[in-house]
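Computation of the quantities below employed the complete heavy-atom set of this structure, encompassing side-chain atoms and omitting hydrogens, waters and symmetry-equivalent molecules.
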Amino acid sequence: QVQLVESGGGLVQTGGSLRLSCAASGRTFTTLSMGWFRQAPRKEREFVAGISWTGRSISYPESVKGRFTISRDNAKNTVYLQMNSLKPEDTAVYYCAATADSYIAIRRNEYAYWGQGTQVTVSS
């Protein structure tokens, strides 16, 4: 069983930055592809970034491309989401997710493991 624990959320002004972290345990980290999703009130949970086992393949939707950066430190069993130029519409609960598939998964149902979520609030 994989456990994921997110940290780093908080309140930031428009244009500011935050870095989210997700620590994984319970499985060899290098056999997990990782993703970040977010869910705003009354909206569907949406994919915001994904990274493959090796870190060589990365994917973002257009809504965050150029502003968000996903990375992983396999020595620390941790995946990060650096968020720059934040906008009020980025306000959501952010979730870390993991899958044993080697490719980047972008659909929610492709991920078997989820963290508890961390709140990000961007004030205007």
Checking [X] side chain against [Y] main chain: does a donor-acceptor pair fall under 3.5 Å?
{"X": "Arg67", "Y": "Ser85", "result": "yes"}
{"X": "Glu6", "Y": "Gly117", "result": "yes"}
{"X": "Arg27", "Y": "Ala100", "result": "no"}
{"X": "Ser33", "Y": "Asp101", "result": "yes"}
{"X": "Gln13", "Y": "Val122", "result": "no"}
{"X": "Thr54", "Y": "Arg56", "result": "yes"}
{"X": "Gln3", "Y": "Gln1", "result": "yes"}
{"X": "Ser57", "Y": "Ser52", "result": "no"}
{"X": "Thr78", "Y": "Lys76", "result": "yes"}
{"X": "Thr118", "Y": "Gly9", "result": "yes"}

So do the side chains of [X] and [Y] get within less than 4.5 Å of each other, counting heavy atoms only?
{"X": "Leu81", "Y": "Phe68", "value": "yes"}
{"X": "Leu11", "Y": "Ser123", "value": "yes"}
{"X": "Thr14", "Y": "Leu86", "value": "no"}
{"X": "Gln82", "Y": "Ser71", "value": "no"}
{"X": "Met34", "Y": "Leu4", "value": "yes"}
{"X": "Trp36", "Y": "Leu20", "value": "yes"}

Single hit among Val64, Val12, Thr69, Leu18 for side chain to side chain contact (heavy atoms under 4.5 Å, CB included) with Met83: Leu18
Listed partners of Arg108 passing salt bridge (Lys or Arg N to Asp or Glu O under 4.0 Å), at least two apart: none
Does the ring centre of Phe47 sit less than 6.0 Å away from the ring centre of Tyr60? no
Is the gap between the ring centers of Trp114 and Phe37 under 6.0 Å? yes
Just verifying a value: how many Å separate Ile51 CD1 and Leu32 CG, rounded to the nearest 0.5 Å? 12.0 Å
Starting at CD of Glu44, measure out to CZ of Arg38 and round the result to the nearest 0.5 Å. 14.0 Å
Report whether [X] and [Y] are members of the same hydrophobic cluster (ILVMFWY, side-chain heavy atoms less than 4.5 Å apart, transitive linking).
{"X": "Trp53", "Y": "Val79", "value": "no"}
{"X": "Ile106", "Y": "Val48", "value": "no"}
{"X": "Tyr95", "Y": "Tyr111", "value": "yes"}

Apply side-chain hydrogen bond (donor to acceptor under 3.5 Å, both in side chains) to residues Asn84 and Ser17 and explain how you reach the verdict. CA-CA 4 Å; Asn84 299 328; Ser17 298; 2.9 Å; yes
Listed once per pair and sorted, the disulfide (SG to SG under 2.5 Å) pairs that draw on residues 41-89, sequence neighbours left out: none
Enumerate the residue pairs fulfilling disulfide (SG to SG under 2.5 Å) with a member in residues 75-124, sequence neighbours excluded, ordered by first and then second residue. Cys22-Cys96
Is it true that the NZ or CZ of Arg19 lies under 6.0 Å from the centre of Tyr80's six-membered ring and within 45 degrees of the ring axis? yes
Between Thr31 and Thr28, what is the shortest heavy-atom contact and its length? OG1-O, 2.6 Å
